[in-house]
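Numbers restart at 1 for each chain; the letters A, B, ... are given by sequence-line order, proteins then strands.
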2 protein chains.
Amino acid sequence: MTQDICQVTIINQQRIAQARKQMPDDTTLVEIAETFKLLGDPTRVKILQALAVTELCVCDLAALLEMTSSAISHQLRLLRARGIVRFRKQGKMVYYALDDSHVQTLVEVSLCHVTEC
Amino acid sequence: MTQDICQVTIINQQRIAQARKQMPDDTTLVEIAETFKLLGDPTRVKILQALAVTELCVCDLAALLEMTSSAISHQLRLLRARGIVRFRKQGKMVYYALDDSHVQTLVEVSLCHVTEC
DNA sequence: CAAACATGTGAGCAACTGTTCAATTGAAAG
DNA sequence: CTTTCAATTGAACAGTTGCTCACATGTTTG
């Protein structure tokens with residue numbers, strides 16, 4: 001037996017209508033959530049912070065974060081898929097860099113948020 | 001057998017040192033990730049978007065998002081724990097509202113990001 | 001008081017996530 | 001060509017997440 005959605009008063013129904021009117025469409029909301037989800041992992045945040053300073057190869061990132069390059073590579077794959085980082089091959093190495101100013105802004109605002117600045 | 005962290009060249013070690021120097025401390029990075037993780041769910045993004053428009057009770061949110069009030073309540077609990085929303089009791093009902101301007105900024109930037117504005 | 005109702009909460013469960021491990025690819029060096 | 005090494009990839013596995021369901025709490029109303 002599923003729980004029924006409750007009945008609301010007339011006043012609140014107006015508020016609901018107002019909120020619904022200003023709500024972005026579902027696809028947009030899901031994309032927003034997916035963007036945040038991508039930033040919602042310590043490893044990926046560290047990668048982005050590092051790449052905000054300088055271009056680095058997978059190997060460098062692995063050394064910096066003290067993780068296996070496999071783990072880093074898996075995360076870079078996700079960031080690449082979203083167009084957040086770009087890469088450039090140089091021999092055996094692959095250098096990664098940030099490729100999205102919005103994301104950098106997001107991280108900065110968030111940093112400001114947690115450090116109460 | 002764990003995979004060894006690779007040896008990097010001198011040049012890249014300097015870059016790593018540079019990146020490490022500018023890297024916020026680990027606690028801060030984890031908190032940033034946790035903030036983003038909290039925003040990284042469609043249900044919670046919808047709740048925040050709705051509350052950005054107007055104060056709403058759990059019941060209203062459940063009706064607006066077409067979900068059970070239990071599910072909404074679980075999510076509000078997380079948002080409350082992070083101080084992102086505040087609430088006010090009025091009889092049986094509990095009205096929720098946004099309580100964090102940074103978060104609203106984050107959602108706005110992200111909306112701008114996904115809509116290419 | 002009892003009934004009705006909005007909300008909160010804990011257990012359980014299916015789906016997802018991040019890492020490890022093993023194997024592969026591709027480029028540089030012997 | 002063979003070896004070496006950076007990077008990638010897929011499978012597997014443990015840990016996490018978001019929802020449902022059942023129940024508890026607290027408030028209003030009869």
TODO: Indicate for each nucleotide in nucleotides 24-30 of chain D, in 5' to 3' sequence, whether protein heavy atoms under 4.0 Å reach the base (B), only the sugar-phosphate (S), or nothing (-).
DONE: --BBS--
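Here the CE-CD1 distance, from B:Met23 to B:Ile16, works out to 10.5 Å after rounding to the nearest 0.5 Å.
Taking only side-chain nitrogens and oxygens, B:Tyr96 never comes nearer than 4.0 Å to OP1 or OP2 of C:dA6. The side chain of B:Ser69 places no N or O atom within less than 4.0 Å of a non-bridging phosphate oxygen (OP1 or OP2) of C:dA6.
Using modelled atom types, one finds a donor on one side chain and an acceptor on the other under 3.5 Å when comparing B:Tyr95 with A:Asn12.
By the neighbour-count criterion of 12 heavy atoms within 6.0 Å, atom CZ of A:Arg20 is densely surrounded, having more than that number from other residues, nucleotides or ligands. By the neighbour-count criterion of 12 heavy atoms within 6.0 Å, atom CZ of A:Arg88 is densely surrounded, having more than that number from other residues, nucleotides or ligands.
Within the structure, every pair that satisfies the ring-ring contact (aromatic ring centres under 6.0 Å, His included) test and touches residues 97-117 of chain B, not counting sequence neighbours, is listed here: A:His102-B:His113, A:His113-B:His102. Residue pairs meeting the side chain to side chain donor-acceptor pair (under 3.5 Å) criterion with at least one partner in residues 22-32 of chain B, sequence neighbours excluded, are A:Lys46-B:Asp26, B:Asp25-B:Thr28.
By the ring pair (Phe, Tyr, Trp, His ring centres under 6.0 Å) test, A:His74 is found to be paired with no residue, residues two or more places apart in sequence or in another chain being considered.
Distance from the side chain of A:Ser70 is smallest to C:dC21 among C:dC21, C:dT19, C:dG10.
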- [ ] I would like to know whether B:Ser110 and A:Phe36 meet side chain to side chain contact (heavy atoms under 4.5 Å, CB included); could you show each step before the answer?
- [x] CA-CA 8 Å; B:Ser110 183; A:Phe36 283 130; 3.5 Å; yes
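Contacts between residues 26-43 of chain A and DNA chain C, counted as heavy-atom distances below 4.0 Å, involve A:Lys37, A:Asp41, A:Thr43. Of the residues in residues 72-82 of chain A, those placing a heavy atom less than 4.0 Å from an atom of DNA chain C are A:His74, A:Gln75, in numerical order.
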